[in-house]
Amino acid sequence: MSLSLRNTLSGLVEEFKPQSGNEVRIYTCGPTVYDYSHIGNFRTFVFQDVLRRYLEYSGYRLCQVMNLTDVDDKTIRNAEAAGESLRDYTQKFIDAFIVDRELLNLEPPEKMVRATDHVTDMVKLVEALEQKGFAYRSEGSVYFRVAAFPEYGKLSKINLGGNRAGARVDADEYEKGDVRDFVLWKKAKPGEPQWEAPFGAGRPGWHLECSTMAMKYLGETFDIHSGGSDLIFPHHENEIAQSEAATGKPFARFWLHAEHLMVNGEKMSKSAGNFYTLRDLIAQGHRPSAIRYLLASTPFHKPLNFTLDGVHQAQRSIERLGNFRFRLTMEQFAAGADESFVERAARARQEFEAALDNNLNTAEALAAIFNLVADGNSAMDQGEFPDGARQAFLDVLSRWDRIFAVLEDRDYERLRRHGLVSTRAGAAAEPSAASGDGRAPSMLLSDEAVEQRLALRNSARQSGKYAESDRIREELLDAGVILEDTKAGTRWRRK
RNA sequence: GGCGCGGUACCCAAGUGGUAAGGGAGAGGUCUGCAAAACCUUUAUGCGGGAGUUCGAUUCUCCCCCGCGCCUCCA
C-alpha cells in the first residue's frame, strides 16, 4: 500500500510520491496574525499535522514551510488601533499561535516565516513578472495581467471569462486594466507600513508572499501545498498564476484542501455566538487533546460539525483508549504467546495504515484501533489474553498514536506552563471558567504531590483505614484528580 | 446563477453494486471495602425525497429538497 491523496488540481485521489528521493517538500498556508486563531483555523492546522506525521511515519523526510501573514488590512488596522507597531502587534499573536500549536500537539514545521521578512524577495518576483509581461503598473500599484496566463482557473475550475457585470469593487480600489487582475504590489497609503521598491513605495499583495516564500525555500516546483478550502480561490489560484508565469514551471504538484468546520450545524460567526478560540474552550474546561481528537477524527475532505458535546465524546473516546493501554501495561496475563493475538495486532496495524493511505481516512483508522481494543478487552476479561501479545498490542497503539498524538497526557503540564490552568479562586473572577466539564480545581498539585498523596492512601487502604483513604480521595478530587481502583492497582488522572 | 463539499441510528461519524465500521449516549450484565471508573452485551430491513438502470442500490444515472464553502485579500 502507498499513500494516495485527493488533489484539488485534478479533482482525483492520486498516488503520492515525492518529486525527488525521500524528501517531501510542503508549503502550508498559516494564519494571518491579527488575532487569536479560531477552532476552524485549527481544523486545517490539525489536518496539516496529521499529514506530516503520517508522511514521517511512512518514512519520508520532511521540509514544511509555513507562512505567517503579518501585513494586510486587518493587521495594519488592528495594530494602529492598539497603538503598536505592526511588528510588535503581530508578534503577540505569533507567540500565541505557537503556544496554541503546542497545546494541540502540532509538530513545528521546519520553517515558519514572516511575510515582512521577505519583502525584498517579493519585489524581485514582481520585477521578474514585469519583465516577462505578466505585470503592469497603474497609479503606483502593480497588477498581474490574468489575460496573459491562459491556464488561469485550472485549480478552482473557475472560468471568469472576461469582465463580469456587477463585479464587486472596493471603494478605494485602484485602477485595474481588467477586473480579473489582482494586485501584486499596493501603492503606499499615508501612515501605513511601506517598503521601497523600484516601482514605488508600497506593500505586497496577499498572494505574493506565498509564491515567494514557497519558491525560496522549497524550489520552483515542490510536492504539496495546502490550506483551507476557502483559499482555493482566489489565493491559491493567484499563487499558481504568479509563480508559473515567472518560472514557466509547475508550482505545487499536489494541492490539498481541508473542508470547513461548522458549529452546531451552522457556520461559525461571532454574531451567532458560536465563535471559539482554543483558549475559549480551555477556559470552559475542555482539554486540548480532546479538541485535537475531534478535529482529526473526521476525514478532511468533509465538513466537520463541531459541538461541545462532540468535544466531550472525543474526551471519552481518548479515555477508552487510555484505559486499554493501562490494562495492557499493568495487568497480569497468562504466560505464553498465542500467535492469533499477535496476528490481530498486525491486522489492526495494517488496517489503520490502509485507512490513512486512503486519502488520510482518519475515521477508518480510528475504527481499526477500536476494534483492536474490543478484541483485547474481551480476551482479557476471559483470561485468554496471552502475555506474549502484550508488546505487539502496545506497539500498534503507539504507532497509531504517532499520528493521532492524543494518548500521552501532556495537557495539564502544558496548560500549567502557559498559565492556562485556573483554580477556583481564579475562576471566580472569570465566570466563563465555571461552565463546561466541571468545576475548576481548588488548588494545583504537581504530579509528585499527587503521587505522594496516593501512596498515603494506599497504605491507609491496606491497613483498612477506609475513612482516611476516602478523605484523601476527596481531597484529590477537589484538586481535579480522579482516582480509580483497579485490579492492577490504583490509577489517577486529571479531570 | 457558476464551481465545490456534504445530507447515514438519540448525538458524532465511516463505508460498499450483494444486504449497514467505529465512538458517544441509553438499556441490561460482570467486577468492586465503598465510590468512581472500567469491561462485556445490546440499540438502523435503514442510509434527504422521487424516478430510472440492475437479479439486486444506501452505493450508479437523472430530477428535486436541505446545509456549508468559494465566486477578488476568509482556514
Side-chain angles (χ1 to χ4, degrees), chain A residues 8 11 28-32 37-48 69 72-74 146 153 156-161 164 167-170 173 176 179-183 186 205-208 226-235 237-238 257-262 265-268 293-294 297-299 301-307 309-324 326-327 351 355 358 361-371 373-374 376-378 380-382 461 464 466-467 469-470 473-474 477 482-488 491 493:
Chain A
T8 309
T28 49
C29 281
T32 301
S37 295
H38 57 67
I39 201 69
N41 297 325
F42 280 113
R43 188 206 189 182
T44 300
F45 300 135
V46 168
F47 156 61
Q48 292 165 348
T69 301
D72 80 322
D73 292 345
K74 285 187 290 256
V146 168
S156 57
K157 320 291 191 279
I158 281 175
N159 182 3
L160 294 178
R164 291 185 312 153
R168 216 191 313 164
V169 176
D170 289 352
E173 192 55 272
K176 296 193 286 191
V179 287
R180 297 177 302 166
D181 292 349
F182 57 89
V183 69
K186 294 176 128 172
W206 178 34
H207 320 297
L208 191 61
S226 86
S229 64
D230 58 331
L231 295 183
I232 295 170
F233 188 88
H235 185 50
E237 194 68 61
N238 290 352
H257 292 98
E259 271 302 323
H260 273 200
L261 169 148
M262 290 186 292
E266 299 173 342
K267 59 178 167 182
M268 181 167 56
Y293 181 104
L294 176 59
S297 62
T298 298
H301 64 91
K302 290 194 153 202
L304 172 98
N305 187 23
F306 184 93
T307 63
D309 186 49
V311 180
H312 177 249
Q313 293 184 11
Q315 175 63 37
R316 301 283 298 141
S317 301
I318 294 171
E319 282 167 16
R320 180 164 159 82
L321 293 167
N323 288 329
F324 182 57
F326 179 78
R327 291 188 81 176
E351 282 169 2
N358 180 20
N361 190 332
T362 47
E364 237 177 55
L366 283 170
I369 210 72
F370 276 107
N371 282 330
V373 170
N377 276 325
S378 288
M380 288 178 201
D381 283 0
Q382 285 156 36
R461 283 183 83 208
Y466 291 119
S469 149
D470 290 351
R473 186 168 62 198
E474 278 305 310
L477 183 66
I482 296 169
L483 298 191
E484 287 161 18
D485 297 322
T486 74
K487 271 184 248 175
R491 62 184 294 210
R493 59 193 169 85

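In the text below, chain A, chain B and the rest are named by the order of the sequence lines, each starting its count at 1. What you see below is based on every heavy atom in this structure, not just the backbone, and it leaves out hydrogens, waters and symmetry mates.
Rounded to whole Å, the distance from NZ on A:K186 to P on B:rC73 is 9 Å. Look at CG on A:L231: it is 14 Å from P on B:rU72, rounded to the nearest Å. Here B:rA13 presents its P atom at 12 Å from CZ of A:F306, a figure rounded to the nearest Å. Following rounding to the nearest Å, A:L477 (CG) and B:rA37 (P) show an atom-to-atom distance of 11 Å. One atom, CG of A:L304, and another, P of B:rA75, lie 17 Å apart when rounded to the nearest Å. In this structure, A:E237 atom CD and B:rG4 atom C1' are separated by 13 Å, rounded to whole Å. Computed from coordinates, the A:F47 CZ to B:rA75 P distance equals 16 Å when rounded to whole Å. Counting to the nearest Å, the P atom of B:rA37 and the CZ atom of A:F326 are 16 Å from each other.
In this structure, A:F42 and A:S37 approach most closely via the heavy-atom pair CE1-CB, 3.5 Å. Contact between A:F45 and A:C29 at its shortest, heavy atoms only, is CE2-O, 3.5 Å. Considering all non-hydrogen atoms of both residues, A:K157 and A:E237 come closest at N-OE1, 4.5 Å. A pairwise comparison of heavy atoms in A:R43 and A:H260 identifies NH1-O, 3.6 Å as the closest pair. Of all heavy-atom pairs spanning A:L366 and A:S297, the tightest one is CD1-CB, 3.6 Å.
The side chain of A:E319 lies closest to B:rA38, out of B:rC68, B:rA14, B:rA38. Taking only side-chain atoms of A:M262, from C-beta outward, the nucleotide of B:rG67, B:rA75, B:rC40 with the closest atom is B:rG67.
B:rG17 and B:rG28 have their P atoms separated by 40 Å, given to the nearest Å. One P atom belongs to B:rA9, the other to B:rC5, and the distance between them is 22 Å to the nearest Å. Taking atom C1' on both nucleotides, B:rG49 is separated from B:rG15 by 22 Å, rounded to a whole Å. Between B:rG46 and B:rU41, the two P atoms lie 26 Å apart (nearest whole Å). When the C1' atom is used for both B:rC10 and B:rA44, the distance is 12 Å, rounded to whole Å. Distance noted for atom C1' between B:rU54 and B:rG69: 36 Å (whole Å). Taking atom P on both B:rG24 and B:rA38, the two are 9 Å apart, rounded to the nearest angstrom. Using P as the reference atom, B:rC31 and B:rU43 are 23 Å apart when rounded to the nearest Å.
Side-chain nitrogen and oxygen atoms of A:N361 include at least one within less than 4.0 Å of the OP1 or OP2 phosphate oxygen of B:rG15. At B:rA75, none of the side-chain N or O atoms of A:H257 fall inside 4.0 Å of OP1 or OP2 (strictly under the cut-off). When the side-chain nitrogen and oxygen atoms of A:K302 are compared with OP1 and OP2 of B:rC68, none of them lie within a distance under 4.0 Å.
Across all strands, A:H301 comes closer than 4.0 Å only to sugar-phosphate atoms, never to a base (heavy-atom distances). Within the 4.0 angstrom heavy-atom criterion, no nucleotide atom of any strand lies near A:G310. A:H235 comes within 4.0 angstrom of nothing in the nucleic acid, heavy atoms only. Within 4.0 Å (heavy atoms only), A:I232 reaches no atom of the nucleic acid at all. The residue A:S378 sits close only to the backbone: its heavy atoms come under 4.0 Å of sugar-phosphate atoms, none of a base. Note on A:P299: only backbone sugar-phosphate atoms sit closer than 4.0 angstrom, heavy atoms only; bases stay farther off. Within the 4.0 angstrom heavy-atom criterion, base atoms lie near A:L261.
Comparing A:L294 and A:N377 against RNA chain B, the residue whose closest nucleotide sits nearer the 5' end is A:L294. Taking for each of A:R327 and A:S297 the nucleotide of RNA chain B with the nearest heavy atom, the 5'-most of the two is the partner of A:S297.
Residues meeting the side chain to side chain contact (heavy atoms under 4.5 Å, CB included) test with A:A368, sequence neighbours left out: A:E351, A:F352.
Relative ring orientation between A:H207 and A:F182 is described as perpendicular, the plane-to-plane angle rising above 60° on a 0-90° scale split at 30° and 60°.
For the residue pair A:Q313/A:D309, the side-chain donor-acceptor check at 3.5 Å is satisfied.
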Q: Under 3.5 Å for both distances, Watson-Crick or G-U wobble, that's the pair rule; now give the dot-bracket for RNA chain B, with | marking pairs to another strand and [ ] for crossing ones.
A: (((((((..(((.....[...)))((((((.......))))))....(((((..]....))))))))))))....
Q: Summarise how protein sits on nucleotides 16-33 of chain B as a single string, 5' to 3': B when a protein heavy atom is under 4.0 Å from the base, S for sugar-phosphate-only contact, - for no contact.
A: -----BSBSS-------B
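Side chain of A:N361 to main chain of A:E364: a donor-acceptor pair is present (N/O by atom type, distance under 3.5 Å, no hydrogens or angles).
Between A:E319 and A:R493 there is a salt bridge, since at least one side-chain N of the basic residue sits less than 4.0 Å from a carboxylate O of the acidic one. Ionic pairing of A:D485 and A:R461 is present here: one or more N-O contacts between side-chain nitrogen and carboxylate oxygen are shorter than 4.0 angstrom.
Counting heavy atoms from C-beta outward, A:L304 and A:M262 have side chains that stay 4.5 Å or more apart.
Between the side chain of A:K157 and the base of B:rC71, no donor-acceptor pair under 3.5 Å is found.
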